[in-house]
Novice: 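Sharing a structure below in C-alpha cells format, with a few things to ask.
Just so it is clear, the values below take in all heavy atoms, side chains as well, and ignore hydrogens, waters and symmetry mates. Every number for a ligand or one of its atoms is a count from 1 in the order of the listing.
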Amino acid sequence: MTTPQTTPGDIREPRLARDGVNRIEWAAREMPVIGLIRERFRREQPLRGVRIGACLHVTTETANLMLALKDGGADVALCASNPLSTQDDVAAALVHEYGIATWAIKGEDNDTYWKHINAVLDTRPQLTMDDGCDLVALLHKERRDLLPVIKGGTEETTTGVIRLRGMMKDGALTYPIVAVNEADTKHMFDNRYGTGQSTLDGITRATNVLWAAKTVVVAGYGWCGRGFASRARGLGAQVIVTEVEPVRALEAVMDGFRVLPMASAATQGDIFVTLTGDVNVIDRQHLEAMKDGAIIANSGHFNDEINIKALEAMAEGKREIRPFVEEYKLGDGRKIHLLGEGRLINLAAAEGHPASVMDMSFANQALSVEYLVMNEGKIAVGVYDVPKEIDREIAALKLSSMGVAIDVLTPEQEAYLSSWESGT
Ligand code: ADE
C-alpha cells in the first residue's frame with residue numbers, strides 16, 4: 001500500500017522513499033558542515049516563514065540542504081535543474097518522508113521540466129535558489145507578476161552566473177543574487193574535485209572503459225576541466241586539452257598537458273569530454289574527423305556543447321547499445337557513441353559530485369540565504385560574491401571536521417603584514 005501524498009509535488013514512485021532516506025542519511029555522514037548549520041538553524045530559526053523556490057539537481061546532497069533550510073524555518077519547494085539529473089528515490093523521500101514539496105522525475109521531457117519549474121514558482125517564493133538560471137530566466141520572462149514578492153536569490157553554477165551577468169548587463173535582472181559559484185570553497189573544490197571525479201565516474205559507469213592508454217580530449221580548462229584532466233591523467237590516460245583562453249591554455253601546457261585546437265584533437269581522441277559552458281564546442285567538422293568508435297560526453301551545464309543536431313543529421317541510424325550510450329552509425333560506416341544525450345554525464349549516469357564537496361557548496365547556499373534574509377532591503381539589484389567571511393568560515397569548519405589544525409598569525413606577523421616600513 002502506498003502512503004497518500006499530502007505534500008505537493010510530482011515524483012516517479014512513492015515506494016522508492018525508504019531507499020531515498022537511507023541514501024540521504026549516508027550522504028549526511030560526509031556533510032558535517034551542513035550538519036552544523038542545520039543544528040544552528042534548528043535552534044535559531046533564521047529562515048522562519050521564508051518561502052524558498054529551489055531549482056537544483058535533486059540528489060541526496062540537495063536533500064540535506066533542503067532539510068537544513070526547512071529546519072531553519074523555511075518553506076521550501078524544489079524542482080529539478082536538469083531533466084536527467086533527478087534521483088527518483090530522493091524525490092520520493094523528500095515528498096513522502098520529509099514533507100518537502102518536490103517536482104522532479106528523472107528523464108522528464110522538456111515540457112514537464114518547465115511545468116515543474118512553474119509549479120515551484122506557483123508557490124510564490126520570496127527567495128530563489130537556482131542552478132543554471134532557468135528558474136530565474138522563466139520568472140523574468142513569463143512570470144513577472146511574481147517579481148514584486150522576490151527579495152533575493154542564489155545561483156549555484158558557472159553557467160548560471162554567466163547568464164545572470166548577461167541579465168544584469170541588459171538591465172533585465174530585478175533583484176540581488178548571490179553567486180555561490182564564485183566562493184572559493186565552492187569552485188575550487190566542487191568544480192575541480194567534484195566534477196573531476198564524478199565525470200570519470202559517470203563515463204565509467206556508462207561505458208566500463210579502461211582509462212589507461214586512452215587518448216582523452218578535455219574541452220575547456222576552467223576549474224571543471226582542470227579537475228577532470230588531472231583525474232583522467234591519474235588513471236593513465238593521455239590527455240589533450242583544448243582551450244580558447246590563452247592564459248588557461250598556457251596553464252594547461254605548464255601542467256604538462258598537450259594543447260591542441262579541437263580540429264586537430266578530433267582526429268586523435270578516443271574519449272571527448274566538454275566542460276566549457278559554451279555551444280557547439282564539438283561541431284560537425286569535428287564529428288566528421290573523429291575515429292571510428294569515439295566516445296563523446298558533456299559535463300558542462302547544458303546539452304548544447306556537442307552539436308547533437310549535426311550528429312543526428314550525419315547518422316544513418318542509432319541505437320541505445322547500453323544505458324546512457326547511444327551508438328550513431330554514420331554514412332561512411334564509422335560509429336560515434338554519445339553518452340547521456342549530451343547532458344551532464346556525472347549526474348545522468350552517476351550520482352553527481354560526492355557529498356564531501358557538496359557539503360561546502362551547499363553550506364555556501366545555506367549561509368547566503370541567511371545573509372539575504374538578514375540584509376533584506378539593504379542590497380541593491382546585482383550579482384554578488386559570497387561574503388568573504390562566509391567563505392572563510394566554511395573552510396575553517398571543513399578543516400575542523402577533517403581534524404586538520406592550522407597556524408594563526410602571531411601579533412608580530414599581523415603587524416608585519418600591515419606595515420610598509422620593513423624592506424631589504
Ligand atoms: N551538482 C553536481 N553534483 C551535484 C550533487 N551531487 N548534488 C547537487 N548538485 C550537484
Novice: Near Thr62, which atoms of ligand 1 are under 4.0 Å from a heavy atom of that residue?
Specialist: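 It comes down to these atoms of ligand 1: 7 (N), 8 (C).
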
Novice: Does one side chain, of His353 or Glu61, offer a donor that lies under 3.5 Å from an acceptor on the other?
Specialist: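 Not at all, the side chains of His353 and Glu61 share no donor-acceptor pair under 3.5 Å.
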
Novice: With a 4.0 Å cut-off on N to O distance, would you call Arg18 and Glu97 a salt bridge?
Specialist: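 Looking at Arg18 and Glu97, the cut-off is met.
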
Novice: Roughly how far apart are Glu108 CD and Ser85 OG, rounded to 0.5 Å?
Specialist: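 Going from the CD atom of Glu108 to the OG atom of Ser85 covers 8.0 Å.
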
Novice: Is there at least one pair of N or O atoms, one from His353 and one from ligand 1, spaced under 3.5 Å apart?
Specialist: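 Yes, at least one N or O pair falls under 3.5 Å.
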
Novice: What protein heavy atom sits nearest atom 1 (N) of ligand 1, and how far off is it?
Specialist: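 Of the protein heavy atoms, His57 CD2, 3.6 Å lies nearest.
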
Novice: Could you pull out every donor-acceptor pair under 3.5 Å between side chains of residues 252-263 and any protein atom, sequence neighbours left out?
Specialist:
from	atom 1	to	atom 2	distance (Å)
Asp255	OD2	Tyr221	OH	2.5
Arg258	NH1	Gln268	OE1	3.1
Arg258	NH2	Gln268	OE1	3.2

Novice: Counting only heavy atoms, which portion of Glu156 has something under 4.0 Å from ligand 1: side chain, backbone, both, or neither?
Specialist: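 No part of Glu156 is near ligand 1 at this cut-off.
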
Novice: Where is the nearest protein heavy atom to atom 7 (N) of ligand 1: which residue, which atom, and how far?
Specialist: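 Among all protein heavy atoms, the one nearest atom 7 (N) of ligand 1 is Thr59 OG1, 2.7 Å.
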
Novice: Test of understanding: given a 4.0 Å heavy-atom threshold, classify the contact between Met358 and ligand 1 as side chain, backbone, both, or neither.
Specialist: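 Side chain only.
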
Novice: Does Asp131, backbone or side chain, put an N or O under 3.5 Å from an N or O of ligand 1?
Specialist: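 In fact, backbone or side chain, Asp131 has no N or O that close.
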
Novice: Do the charged groups of Glu393 and Lys398 touch, with an N to O distance under 4.0 Å?
Specialist: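 Salt bridge absent between Glu393 and Lys398.
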
Novice: I'd like to check which ligand 1 atoms, numbered from 1 as shown, lie under 4.0 Å from a non-hydrogen atom of Glu351.
Specialist: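 Taking each heavy atom of Glu351 in turn, ligand 1 has 6 (N) under 4.0 Å.
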
Novice: Output all residues satisfying side chain to side chain contact (heavy atoms under 4.5 Å, CB included) with Asp111, sequence neighbours left out; order by chain, then residue number.
Specialist: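 Side chain to side chain contact (heavy atoms under 4.5 Å, CB included) check on Asp111 returns Asp109.
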
